[in-house]
Amino acid sequence: MGSPLFLSLSQISIQHRNRSILNNLSLRIRQGENWLISGPMGSGKSSLVRCIAGKMVVRSGDIRYDLVSNSLSSFQERLAWRKDNIRLISFAETASFFSQADFFYQQRYQASNFQETVRVWDYLIAHGLSENNPAHQDLLHHLQVEALYEKDITHLSSGQIRRVSLASALLSPPQLLILDDPYLGLDTAGRQTLNDLLTDLVSRHTLQLILVGCESDWPAIMTHRLHLDGNGTGTEVPLDYAPSHDSLEDQVSLSRLVSLFKQTQQEVSCASVVRLEDVSVQYDDHLALQNLHWEVKPGEKWAIYGPNGSGKSTLLSLLYGDHPQAYANRIWLFDQRRGKGESIWDIKARIGFTSSEFHAYFDSALSCREVVLTGFTDSFVPKAHLTEREDDIVDLLFQYFQLDDLPPLLFKLASTGEQRLILLIRALVKNPPVLLLDEPFQAMDRRSIRQALALLDQMLDDSHTLLFITHDRSEIPACVRQMLLLDQGGSMGLP
C-alpha cells in the first residue's frame, strides 16, 4: 500500500463558457506526491485547479479531501479547512498586483507621479504579515523579500512578483500549494531559482505542490503528471511525456492571410525606424537601461535577448510611447525626435504591440473579437465599422489558429494562453510596418507557437520591421537576422 490519500477526484465534470471541458475525470493524490498538470490551451487545466481550491464548482462528481474528510462533518468546516490549507497562485492573481489600486497601464512606468501607491510591505500586511512573528520574518528572509518592502508593487520584476506572491501565500503555510503557470516571464536562471526555492519550501514546510502548465524545467521533486488532451479527458502519464503535435498549420488559411496582408501593406519612408543615443532609464536606485546606443533600419528583424531585469520591456515601452522617460532621452522614431511635437497616435498607427504588462491591464469586459478590433484603433476601444477586407482578415486569423468558438466569448473567460494569442492577433490585424512583440508566446501551447511562427515568417517581408523579446531562443522567428543582447543594468552586448 502507498501513502494515505490526500485528495480524491471522482468522476468530476467541469463546464466553462457554456461548454463541457472535462468529463468524468478521476484522480487520486496521495500524501507526499507533487503533481504536474499539462495540456493544450483551453483544455481545462486552470479550471481543474480552481475547482480543487474551491474557487469554482464542478458540474458533477465529487472532490474529497481524504486527509480530513472523516473529521469534518459540516460543509462549513470543510470550506474553512480548504481555505486555510489549499492556496492557489495564478496568472490572474499575479495580474491583480496591477489593478487593486485602480492602476492603469502607463502607471507601471510612472507610478511616482501618483499619490496612491501600494508598497510590498503594505501588501504583505494586508495578507496577514505579523511583524512580531519569527516564522514570518524567517520566511521573508528566506524568500529575499526584505529588500523589496519599500518598493511600489507596480515596479516589481517578474521574479520579484513570484517571491512576493509566494510569501503572501505561505504566511499561513498551506498543506497544498497550487501554482498556475509559475514560469511565465522567467528566464532560465529565474526558472532554476524558482525550482530551488520550491524544493526548499516543500522540505521546510511539509507542503505538497501542484504545478500547472509546465511542459519542461520543473523541479526534481515532482512525482506525477496528469495530461489533459483538450477533448474532455485526462490521463496520468510519465513526467517526461511528450505529446504528439500531428496537426500542422492551416496552409489554405495561411496562404489567404498572407495574400490579404499584402493588399494592406503600409509603406514607411525613413532612414531609421529607431535610433537611440545614450539612453538611460532609472527607477529610484535601480538602473533599468544605461547609456544605450542602438539603431534599427527599416525592414530589419531583431531579437532582444537578456535576463530578467535587463531592461528589455522598458526598452519597448520607450518606443511604443508608454514610458514618460522617453521624453528625457534622445530617442528618434521614424526619424522624428520624441517630444518634439509628434502625435503619439501617429506613432502607434504604424506599430503593432503586445506585452505581458499590456495583458494585465486589458479591459476584460470586451469579447475576444472586440479585443482584436481594438488593434485597428490602437486603443482600448474596438473599431465600429470594418471594411470587407478587414473583416475577412479578422475571421481568417481566428480560423487559422482554430479559435472558432472564441470571437463572441468575453475576453476574461478565455484561458490565459488564449488571451495571449488574442492579443498577438490584435497586434497583427492591421498589418503594421513595425511590430514590437514582448514575449508574445507566454502561456501559449506549442502548437499555437508553431502556427504563430509560420505566420510571422510568411507575412513579414522587407517592408516590415520586427523587434521580438523572448527568454527562449527556440521561439525566435526564422526571419530574424540580428540580435540585441542586454545584460543586467541595460548594457548592450553582442550575442
Side-chain angles (χ1 to χ4, degrees), residues 97-98 103-114 117-120 147-148 150-161 185-187 189-190 272-296 302-340 342 344 347-348 351 353-361 434-439 465 467-471 482-494:
F97 269 67
F98 306 109
F103 293 123
F104 62 93
Y105 174 46
Q106 286 86 350
Q107 191 170 345
R108 168 151 168 83
Y109 302 111
Q110 53 191 26
S112 60
N113 295 338
F114 292 79
T117 59
V118 177
R119 299 177 305 158
V120 168
L148 305 177
E150 298 302 317
K151 279 188 173 289
D152 187 323
I153 59 174
T154 60
H155 285 168
L156 297 180
S157 70
S158 298
Q160 291 167 339
I161 287 173
L186 294 185
D187 57 21
S272 300
V273 172
V274 171
R275 182 157 58 94
L276 309 181
E277 293 184 1
D278 200 28
V279 168
S280 296
V281 173
Q282 186 166 350
Y283 307 116
D284 299 323
D285 59 346
H286 172 61
L287 199 60
L289 291 171
Q290 182 178 14
N291 308 126
L292 182 60
H293 295 264
W294 186 39
E295 185 174 19
V296 178
W302 287 76
I304 303 172
Y305 198 76
N308 289 121
S310 59
K312 302 182 301 299
S313 295
T314 298
L315 174 58
L316 288 201
S317 74
L318 287 170
L319 304 182
Y320 192 58
D322 295 314
H323 200 301
Q325 293 190 43
Y327 303 101
N329 278 283
R330 294 172 60 81
I331 298 174
W332 285 260
L333 294 179
F334 310 109
D335 292 340
Q336 297 294 313
R337 173 81 185 270
R338 292 296 310 274
K340 297 299 182 182
E342 85 287 0
I344 189 63
I347 291 173
K348 292 189 175 187
I351 295 175
F353 174 77
T354 188
S355 74
S356 56
E357 284 85 2
F358 187 72
H359 181 192
Y361 292 101
V434 177
L435 282 172
L436 308 180
L437 304 182
D438 186 350
E439 296 197 71
T465 303
L467 306 183
F468 187 96
I469 289 178
T470 183
H471 286 124
Q482 290 152 295
M483 182 174 289
L484 175 68
L485 181 62
L486 297 176
D487 61 19
Q488 292 290 349
S491 298
M492 184 174 71
L494 297 175

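Checking side-chain atoms of S355 against main-chain N and O of F358 turns up a donor-acceptor pair under 3.5 Å. The main-chain N or O of L292 is never found under 3.5 Å from a side-chain atom of D278 such that the two would form a donor-acceptor pair. With hydrogens and angles ignored, the 3.5 Å screen pairs a side-chain donor or acceptor of N329 with a backbone N or O of S280.
Side chains of H293 and E277: a donor-acceptor N/O pair is absent below 3.5 angstrom, by distance only. Of the N and O atoms on the side chains of E439 and T470, not one donor lies less than 3.5 Å from an acceptor on the other residue.
To the nearest 0.5 Å, atoms CZ (R275) and CD (E295) are separated by 6.5 Å. Between the CE atom of M483 and the CZ atom of F468 there is a distance of 10.5 Å, given to the nearest 0.5 Å. Rounding to the nearest 0.5 Å gives a distance of 11.5 Å between OG of S313 and CG of L436.
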Quiz item: Stepwise, does the side-chain contact (heavy atoms from CB on, under 4.5 Å) test hold for L318 with V279?
Solution: CA-CA 10 Å; L318 287 170; V279 168; 4.0 Å; yes

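For the pair K348 and Y320, the cation-pi criterion (under 6.0 Å, within 45° of the ring axis) is fulfilled.
L315 is not listed as a side-chain neighbour of I469, based on a closest heavy-atom distance of 4.5 Å or more. Between V273 and L333 the shortest side-chain heavy-atom distance does not fall below 4.5 Å.
Looking at residues two or more places apart in sequence or on another chain, you find a ring pair (Phe, Tyr, Trp, His ring centres under 6.0 Å) between W302 and W294.
The one candidate from I304, D438, L467 that meets the side chain to side chain contact (heavy atoms under 4.5 Å, CB included) condition with K312 is I304.
Minimum heavy-atom separation, L289 to T314: CD1-CG2, 4.1 Å. Contact detail for F334 and I351: the closest heavy-atom pair is CZ-CG1, 4.2 Å.
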